[in-house]
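Please read the structure below before turning to the comments.
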Amino acid sequence: MVIKANGYAVWELLQRELDDRFKATGHQNMYFPLLIPQSFLHKEAEHVEGFSPELAVVTVAGGKQLDEPYVIRPTSETIIGHFFAKWIKSWRDLPVLVNQWANIVRWELRTRMFLRTTEFLWQEGHTAHSHHDEAVQEVRRMLNVYAEVAEDVMAMPVIKGVKTQAEKFAGALQSYSIEAMMQNGFALQAGTSHDLGQNFGKAFGVQFQNKEGQLDHVWQTSWGVSTRLIGGLIMSHSDDKGLVLPPKLAPAKAVIVPIFGKGPEKGGVLEAAHRIAKELGARVDDREGQTPGAKFFHWERRGVPVVLEFGPRDLASGTIVLKRRDTGGKQSMPLAELAEKLPALLGEMQKNMFDAAKQRLKANTVLANSIGEVESVLNEVTAEKGGGKFVMAHVKDDPRCDQRVKEFKATIRCIPLVDEYDGPGKCIVTGEQVDRRAVIAKAY
RNA sequence: CGGGGCGUAGCGCAGCCUGGUAGCGCACCUGCCUUGGGCGCAGGGGGUCGUUGGUUCAAAUCCAAUCGCCCCGACCA
C-alpha cells in the first residue's frame with residue numbers, strides 16, 4: 001500500500017484527533033513487535049481460527065529455515081497478552097491502558113482501495129482490567145470516542161451498536177462497532193471496540209492477585225480504527241469533481257489562485273496574494289506555466305474547502321472571490337472581511353457536510369417486517385449501482401439469522417445501542433421475541 | 001478452484017478479421033502566445049506489440065504453448 005502525500009496528510013490530522021482523545025482518556029502509546037511467534041496465535045482457539053486464512057508467515061530468516069515461523073501481525077492481542085502476563089502481578093498494576101500506532105498485514109483474497117488493503121495503518125488499543133464491568137465501560141468509552149471523531153471531525157454520521165455473535169471479533173465475548181453509510185447506501189464498519197472477557201487473559205496466563213488475595217485473570221479490551229477511515233471519508237462526501245474534505249481534516253483549508261498576465265499587474269497581484277495568504281494561514285498557488293483554470297480544477301479535485309481567486313480586478317476594488325467546495329457556491333467579498341469570515345465559514349461547512357450526510361442516512365433507512373421484505377429491498381443492490389439501504393428489522397442474534405441474510409449477500413451490521421424505533425418485536429427469521437430492530441445492509 | 005475478459009509508449013485505447021513503414025488521446029520536453037474554470041499554435045522525446053516457439057520472402061496481425069493481470073462467486077477491519 002502506498003499513501004501519497006495528500007492522503008497521508010489527512011491521515012496525520014485524523015491521527016492527531018484520535019491520539020489526543022486517547023491521551024485524554026488515560027491511555028499511553030507503546031510499540032510491540034511486528035513478528036509474532038506462530039504458536040502465540042494458537043493459544044486462543046477462536047482467534048487462530050478467525051485469522052489463520054489471512055496470515056502472512058515468515059519461515060526463513062538469516063538465511064535459514066526457522067524452527068518456529070513468525071506471523072506478520074494481523075492484530076496484536078496475542079503478543080500483547082504475552083507481555084501483559086509478564087507485567088501484571090497485582091490489582092495495583094491495573095488497569096493497563098495502552099495504544100499502539102502500527103501497520104498490520106491481512107492477506108485478503110480480494111482487496112479494495114483504502115477499504116481492504118493487504119497492509120494497512122491503524123491504531124489498536126489494548127487494556128486490562130480487574131473487573132468485567134470496568135472493561136465493558138472501557139469498551140463503550142472508546143466506541144464513543146470513535147463515534148465522536150467520526151461525526152465531529154469526519155462529518156460522517158454513524159450508528160453505534162453491538163455486532164452479532166457470528167460477526168464479532170475472533171476471540172471476543174462481544175464486539176461493538178460504529179457503522180457508517182456511504183453514498184451508495186453501503187455500510188462501512190468504521191471502528192470496532194471489543195470486550196475480550198478473560199479469553200486472552202486465560203490463554204496467556206495474565207493473572208493478578210486481587211484485593212482479597214486471590215489469583216484472577218484480567219479482563220481485557222481491544223479497539224481499533226484504520227486507514228479504512230480515509231476510504232469512508234472519501235465515500236461519504238466526495239462528488240464527481242473529486243474529493244470533498246471536511247475543513248477539520250483538510251491539510252490546506254484555503255488556497256489562493258492568483259490571476260495575472262505578463263503585464264505590470266503581475267507583481268501587485270502576487271504581492272497582495274502572499275500578504276493575504278500569510279494573514280489567513282493559506283497558501284498561494286503561484287506556479288508558473290499553469291493557467292488559473294487548471295489550478296482551480298487541481299485544488300477542487302483535492303477537496304480543498306475554500307479556493308480564493310485573486311486577480312487584477314480584485315486588486316483594484318479591494319475584493320476577493322471565494323468558492324466553497326461543499327456547495328460550489330461562489331461569492332465576491334471585501335478583502336477586509338475575509339480574515340474574520342473564513343473561520344466561521346469553515347465551521348459552517350463542517351456542519352453542513354455532517355447534516356447532509358445525516359440526512360442521507362435518514363433518507364436511506366427503511367423499516368421491514370419480514371425477511372422477504374428485507375430481501376426485496378437489498379437483493380439488487382451493488383456497490384456500483386448503488387441504491388443501498390439500512391433496513392431496520394427485528395432479527396435475533398443467532399447464526400441462523402446471519403446465514404439467512406447472507407443468502408442475498410447482506411449482513412446484520414449491528415444491533416443499535418439506542419433504539420430509535422418501536423421496541424420489541426418478533427424475529428423475522430426465527431419468530432422469537434427480540435427487544436429491538438437491528439441494521440441489515442450490504443457492506444464493504 | 002468454477003465462470004467471463006484482457007495483455008500494443010507512463011495512463012487510456014485503436015490497429016489484428018483480410019500479414020507489408022506501429023498509430024491516436026492524455027501526460028512529458030522546447031519555443032512563441034495566452035492567463036477571471038482543464039488555453040492555443042508549432043516542434044519534439046518515448047514502444048523487444050506479455051513471453052517462447054511455429055507458419056511465411058515478411059508476423060502486433062495467422063497457429064501453438066506459456067506467463068501475467070482484471071472482473072464475477074466462497075473469506076474479510
Side-chain angles (χ1 to χ4, degrees), chain A residues 1 49-55 73-77 102-125 146 163 166-170 172 175-180 187-194 222-232 241-242 255-263 265-266 269-270 273 285-301 307-317 319-323 325 328 330-332 382-385 402-403 406-409 411 413-414 442-444:
Chain A
M1 175 177 69
E49 192 190 333
F51 281 101
S52 282
E54 51 194 67
L55 292 178
R73 63 179 164 224
T75 179
S76 302
E77 276 76 10
N103 56 339
I104 65 177
V105 166
R106 295 184 187 176
W107 214 266
E108 303 284 356
L109 266 60
R110 294 177 77 76
T111 59
R112 199 188 261 268
M113 190 82 75
F114 281 116
L115 301 184
R116 190 170 301 106
T117 45
T118 300
E119 177 182 6
F120 55 98
L121 306 184
W122 77 343
Q123 60 68 219
E124 45 182 326
Y146 289 157
K163 298 302 266 190
E167 292 278 331
K168 72 179 181 185
F169 176 77
S175 288
Y176 294 68
S177 75
I178 51 172
E179 300 285 331
L188 184 75
Q189 180 173 301
T192 47
S193 187
H194 312 292
S222 69
W223 28 274
V225 296
S226 73
T227 38
R228 166 179 263 200
L229 286 179
I230 298 175
K241 293 173 186 158
V255 171
I256 300 178
V257 175
I259 295 155
F260 51 80
K262 274 193 173 154
E265 79 283 0
K266 179 177 172 183
V269 166
L270 272 177
D285 184 354
D286 55 6
R287 287 174 297 167
E288 301 279 348
Q290 289 264 46
T291 60
K295 292 177 182 177
F296 292 142
F297 279 97
H298 178 84
W299 297 111
E300 190 166 56
R301 178 154 42 192
V307 173
L308 299 156
E309 308 180 23
F310 187 77
R313 296 206 297 263
D314 301 291
L315 184 62
S317 60
T319 58
I320 193 161
V321 176
L322 179 154
K323 183 167 184 188
R325 181 65 180 85
K330 204 171 178 176
Q331 55 170 312
S332 178
T382 67
E384 290 67 32
K385 281 190 296 188
D402 293 276
Q403 197 52 46
K406 257 194 171 167
E407 286 174 20
F408 47 95
K409 299 184 185 74
T411 44
R413 301 311 303 160
C414 70
K442 288 210 171 161
Y444 280 112

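Predicted model only: the values in this text are computed from it and were never measured. Just so it is clear, the values below take in all heavy atoms, side chains as well, and ignore hydrogens, waters and symmetry mates. Letters go in sequence order (proteins before strands), and every chain restarts at 1.
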task = Could you let me know what A60(B) is paired to, Watson-Crick or G-U wobble, both distances under 3.5 Å, or none if it's on its own?
result = none

message = By nearest atom, which of the nucleotides A77(B), G36(B), U35(B) is closest to the Lys262(A) side chain?
response = U35(B)

task = Give a yes/no on whether any side-chain N or O of Lys406(A) is located under 4.0 angstrom from OP1 or OP2 of C75(B).
result = yes

ask   = Looking at Arg73(A) and Ile104(A), what are the two nearest heavy atoms and their distance?
value = O-CB, 3.3 Å

request  = In whole angstrom, give me the gap between the C1' atoms of G46(B) and C57(B).
outcome  = 32 Å

message = Could you identify the nucleotide paired to A42(B), looking across every strand shown and requiring Watson-Crick or G-U wobble geometry with both distances under 3.5 Å?
response = U30(B)

query = Using atom C1' of each nucleotide, how far apart are A9(B) and G23(B) to the nearest Å?
reply = 11 Å

request  = Could you check if a side-chain atom of Trp122(A) sits within less than 4.5 angstrom of a side-chain atom of Arg228(A), using non-hydrogen atoms only?
outcome  = no

note = When Phe297(A) and Thr117(A) are each assigned the nearest nucleotide of RNA chain B, the 5'-most assignment goes to Phe297(A)

query = Is the aromatic ring centre of Trp122(A) closer than 5.5 Å to the centre of the six-membered base ring of A77(B), with the two planes inclined by less than 30°?
reply = no

request  = Taking atom C1' in both C13(B) and G7(B), compute the distance separating them and give it to the nearest angstrom.
outcome  = 13 Å

query = If the P atom of G25(B) is compared with that of C41(B), how far apart are they to the nearest Å?
reply = 11 Å

ask   = Mind checking who C1(B) pairs with, Watson-Crick or G-U wobble, both distances under 3.5 Å?
value = G73(B)

message = Whole angstroms only, please: what is the NZ-P distance between Lys323(A) and G36(B)?
response = 14 Å

message = How many whole angstroms separate atom NZ of Lys330(A) from atom P of G36(B)?
response = 10 Å

note = Glu124(A) atom CD is separated from A77(B) atom C1', nearest whole Å, by 12 Å

key: Selection from G38(B), A77(B), G36(B) that lies nearest to any side-chain heavy atom of Glu108(A)   = A77(B)

task = For Lys295(A) and U34(B), give me the distance from atom NZ to atom C1', rounded to whole Å.
result = 13 Å

Among A77(B), G37(B), U35(B), the nucleotide that comes nearest once only the side chain of Arg228(A) is considered = A77(B)

ask   = Just how far is it from atom CG of Leu121(A) to atom CG of Asn103(A), taken to the nearest 0.5 Å?
value = 6.5 Å

request  = Using the side chain to side chain donor-acceptor pair (under 3.5 Å) rule, take His194(A) and Ser175(A) through it: C-alpha gap first, then chi angles, then the decisive distance, then the call.
outcome  = CA-CA 4 Å; His194(A) 312 292; Ser175(A) 288; 2.6 Å; yes

key: Nearest-Å distance for atom pair CG/P, residues Leu55(A) and A77(B)   = 14 Å

key: Pairwise C1' distance for A27(B) and A74(B), with rounding to whole Å   = 41 Å

note = Hits for side chain to side chain donor-acceptor pair (under 3.5 Å) against Lys266(A), two or more places apart or cross-chain, chain-then-number order -> Glu288(A)

inquiry  = Rounded to whole Å, how long is the line connecting atom NE2 of His194(A) with atom C1' of A77(B)?
reply    = 8 Å

task = Assign Arg112(A) to base, sugar-phosphate, or nothing according to its heavy-atom contacts below 4.0 angstrom with the strands shown.
result = nothing

Nearest-Å distance once atom P is located in both C49(B) and U61(B) = 9 Å

key: Under 3.5 Å on both distances, the Watson-Crick or G-U partner of U51(B)   = A65(B)

query = If the C1' atom of C26(B) is compared with that of U48(B), how far apart are they to the nearest Å?
reply = 25 Å

task = For Glu309(A), report the nucleic acid contact type (base, sugar-phosphate, nothing); a contact means any heavy atom under 4.0 Å.
result = base

message = Between Glu124(A) and Ser76(A), does the side chain to side chain donor-acceptor pair (under 3.5 Å) criterion hold? Intermediate values first, please.
response = CA-CA 8 Å; Glu124(A) 45 182 326; Ser76(A) 302; 2.7 Å; yes

query = Base, sugar-phosphate, or nothing: which does Pro292(A) touch, judged by heavy atoms less than 4.0 Å apart?
reply = base

Pair Glu300(A) + Lys323(A): basic N to acidic O under 4.0 Å = yes

ask   = Can you list the residues that meet the side chain to side chain donor-acceptor pair (under 3.5 Å) rule with Gln290(A), with sequence neighbours excluded?
value = none

ask   = How many Å lie between CZ on Phe120(A) and C1' on A77(B), as a whole number?
value = 5 Å

inquiry  = Without decimals, in angstroms, what is the distance between Arg325(A) CZ and G37(B) P?
reply    = 17 Å

task = Could you work out the separation of G47(B) and C70(B) based on their C1' atoms and round it to a whole Å?
result = 23 Å

inquiry  = I want to confirm an ordering. Mapping Thr192(A) and Val321(A) to their closest nucleotides on RNA chain B, which one lands closer to the 5' end?
reply    = Val321(A)

query = Which of these nucleotides, A74(B), G37(B), A77(B), is closest to any side-chain atom of Ser226(A)?
reply = A77(B)

query = So what's G25(B) paired with, Watson-Crick or G-U wobble, going by both distances under 3.5 Å?
reply = C11(B)

request  = Determine the contact category for Leu115(A): base if any of its heavy atoms lies under 4.0 Å from a base atom, sugar-phosphate if only primed atoms, P, OP1 or OP2 are that close, otherwise nothing.
outcome  = base

request  = Check every strand shown and say whether Phe260(A) touches a base, only sugar-phosphate, or nothing at a heavy-atom separation below 4.0 Å.
outcome  = base

